[in-house]
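The chains referred to below are lettered A, B, ... by the order of the sequence lines, with proteins before strands, and numbering in each begins at 1.
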Protein chains: 2
Amino acid sequence: MSNDDAMRQYNIQNYRTPDGYTSDIAVFTIVSEKTAEYKPPSMTLKLMLIKRAKHNSEKQFNIEAEKWALPGGFVQDDETAFEAAGRELLEETGVSNIHLKQFGIYDKPGRDPRGWIISNAHYAIVSSQQLAQRRADDDAAEVALFSMDEVYNLNLAFDHREIIKDAFAVIKQDLLLTTVARKFLPEQFTYSELQSVLLTVTDDSAISSDAGFARKIKSLPFIEVVEGQKTQRTSKIPTQLYRFVHTDADIIKPIYTARY
Amino acid sequence: MSNDDAMRQYNIQNYRTPDGYTSDIAVFTIVSEKTAEYKPPSMTLKLMLIKRAKHNSEKQFNIEAEKWALPGGFVQDDETAFEAAGRELLEETGVSNIHLKQFGIYDKPGRDPRGWIISNAHYAIVSSQQLAQRRADDDAAEVALFSMDEVYNLNLAFDHREIIKDAFAVIKQDLLLTTVARKFLPEQFTYSELQSVLLTVTDDSAISSDAGFARKIKSLPFIEVVEGQKTQRTSKIPTQLYRFVHTDADIIKPIYTARY
DNA sequence: TTTTTTAATTAACAAATTGTTAATTATTAT
DNA sequence: ATAATAATTAACAATTTGTTAATTAAAAAA
């Protein structure tokens, strides 16, 4: 029997099929507040949300209108949800070539009043400079950035509160267990800039200690000194620049061999 | 506008919707070969696969027949894929109350010749004792366990080669970065039993060193000594038993504070 | 009964790393 | 010239690791 035969055979079965497949994106950025010249920045991790418009482009009332929501939309039949996330991020914010990672599926029956709709959730890392050029599209009345604390006081659409909670947990974990922090930093960075990024998600004393972290960064196998490159953007004294080593293999340090 | 209105409005849109939503499960087990009395076991991580039958229960030719595949099936509209995974695992192997975790989505257009079918992949951890009582159902002609090496020589259905590759990477990571190893062990275990589980996915010398690991296990905050409990199942000399501490909070040890 | 064998455990100790506080450096601002 | 300050290094005790060897307790063999 050919696959076509099998397909026809499958079609006669009376399974109900999903009413839609959406791709949602938790867009993270780090807002770097420069308190003064020659000072390391103070960073805050923020999530971009859109306020769903009252009406859609055809002047009809929108579902879950006027609630805050993750950007996203329906996946087309010629693309993956990952590709859809990239496309929608471009439509929504005008940015491309963004770090994207799939992190969860939301498929609880009844989660979307429009029917059986499966949401595939991703997170994105966008620099605040890139986001500054964002533009709202038809469906998005308003765009804003919220800190972790602020998000939980909002009126959120669908099950986006749960998705956002998971997104924060995943980005926190990834920032500490992978080298994804590089996506929040320029190609070359100082120890205090990397430290600031990590301190947005942890208060580990081994990371917050300046002397300790400045000593440790030099022995990390996935970071290298950029010889002869210094900057004065974080202090009066010219400061050493570092970069992440290009490597595909990810580091796994077992919890069984760590110090406690 | 009510949600019902919005729903009607949505329905008139002409998006194509998926033709199916499936839940697949990578069932892992550790086969413990007892080489002799009073010896620690030698363990191998194995994946359970089913050989797709030539015909289905209605005597029709099966799609991707006679290839090896992950167990799984269509998600129903009144359940999540996670729940479907549990249900299918019960139908397929007769085991319930199994550790399950969602790890990936496979949605590339054309991945399934039957149409636009989205696969939600999970891994399960089942003891080999539980699997021993497995039973094949109508769709599964044959069931077998394969080591990581063996799997890659098989003729695998759909895109299951890719899913399995990811499943092995995820279970390896989880075994080393979480306490999920407990699911492969009895409630109380010796240091060498835990060590054997970990050595199925790593050759880290800090774990393979007996003296080192036996010393280290006593200082891990998520493992505790079971006072006064000893066993002789791994050696002539009565050996201390340990257990995982009950805790929900997961341990995150940054790669930035590890030793290299 | 004595000896051998073996996994678990402890001991021992040098080497490496960390935690911590203080000192030094290089530059800007006053 | 002096004060201020982030980065960096120094200093050193405390902790942890890597490593090898010794010890323990029970079973098996002689």
Side-chain angles (χ1 to χ4, degrees), chain A residues 32-43 188-197 199 202-221 223 225-242 253-260, chain B residues 32-43 188-197 199 202-221 223 225-242 253-260:
Chain A
S32 181
E33 281 154 66
K34 201 154 187 60
T35 51
E37 279 300 297
Y38 308 111
K39 251 198 183 323
S42 154
M43 298 184 175
Q188 299 185 4
F189 51 87
T190 68
Y191 89 93
S192 66
E193 289 171 333
L194 171 57
Q195 186 188 33
S196 292
V197 168
L199 290 178
T202 186
D203 58 359
D204 190 315
S205 65
I207 289 173
S208 61
S209 152
D210 291 334
F213 195 68
R215 178 174 62 187
K216 183 73 183 179
I217 196 174
K218 287 183 287 187
S219 68
L220 297 175
I223 289 180
V225 169
V226 187
E227 291 298 345
Q229 287 296 299
K230 304 215 171 192
T231 183
Q232 279 182 277
R233 63 180 180 247
T234 62
S235 83
K236 294 164 189 168
I237 173 174
T239 305
Q240 182 61 55
L241 286 167
Y242 297 87
K253 278 288 164 181
I255 60 174
Y256 298 95
T257 59
R259 297 174 138 225
Y260 293 93
Chain B
S32 181
E33 280 151 66
K34 201 155 188 58
T35 50
E37 278 300 299
Y38 308 111
K39 250 198 183 325
S42 153
M43 299 185 175
Q188 300 186 4
F189 52 87
T190 68
Y191 89 94
S192 66
E193 289 171 333
L194 171 57
Q195 187 188 33
S196 293
V197 169
L199 290 177
T202 187
D203 57 1
D204 190 317
S205 64
I207 289 174
S208 62
S209 151
D210 291 334
F213 196 68
R215 179 174 61 186
K216 182 75 182 176
I217 196 173
K218 286 184 287 185
S219 68
L220 296 176
I223 289 179
V225 169
V226 187
E227 293 297 347
Q229 287 297 298
K230 304 215 171 194
T231 183
Q232 278 182 277
R233 63 180 179 247
T234 61
S235 83
K236 295 163 189 166
I237 172 177
T239 304
Q240 182 61 55
L241 286 167
Y242 298 87
K253 278 287 164 183
I255 59 174
Y256 298 96
T257 59
R259 300 175 137 224
Y260 292 93

Result for 5'-nearest mapping on DNA chain C, choosing between K230(B) and A258(B), is K230(B)
Sorted by position of nearest nucleotide on DNA chain D, 5' first, the leading residue of R259(B) and I237(B) is R259(B)
Please say whether the positively charged group of K216(A), taken as NZ for Lys or CZ for Arg, lies over the ring of Y191(A), i.e. under 6.0 angstrom from the six-membered ring centre and within 45 degrees of the axis. no
inquiry  = Checking the side chain of S196(A) only, and the main-chain atoms of S192(A) only, is there a donor and an acceptor separated by less than 3.5 Å?
reply    = yes
Heavy-atom nearest nucleotide on DNA chain C taken for Y260(B) and for S205(A); more 5' hit belongs to Y260(B)
Answer with base, sugar-phosphate or nothing: what part of the nucleic acid does E37(B) contact at a heavy-atom distance below 4.0 Å?
nothing
T190(B) and T231(B) have their tightest heavy-atom pair at CG2-CG2, 3.5 Å
| message | Just to be sure I understand the rule, does S219(B) reach a base, reach only the sugar-phosphate, or reach nothing, if contact means heavy atoms closer than 4.0 Å? | response | nothing
Whole-Å distance, R233(A) CZ to dT28(C) P, equals 16 Å
Of K218(A) and K236(A), the one whose closest nucleotide on DNA chain D sits nearer the 5' end is K236(A)
Rounded to whole Å, NZ of K39(A) lies from P of dT28(C) at a distance of 16 Å
The salt bridge (Lys or Arg N to Asp or Glu O under 4.0 Å) partner of E193(A) among R233(A), K39(A), K34(A) is R233(A)
So the contacted stretch of DNA chain D, first to last nucleotide with an atom under 4.0 Å from a non-hydrogen atom of chain B, runs from dT17(D) to dA28(D)
Donor-acceptor contact present, side-chain Q240(B) to main-chain V226(B), <3.5 Å
yes
- Message: Check whether Q229(B) reaches the backbone of Y242(B) with its side chain - one donor and one acceptor, N or O, closer than 3.5 Å.
- Response: no
- Any N or O donor-acceptor pair linking the side chain of R215(A) to the base of dG19(C) at under 3.5 Å? yes
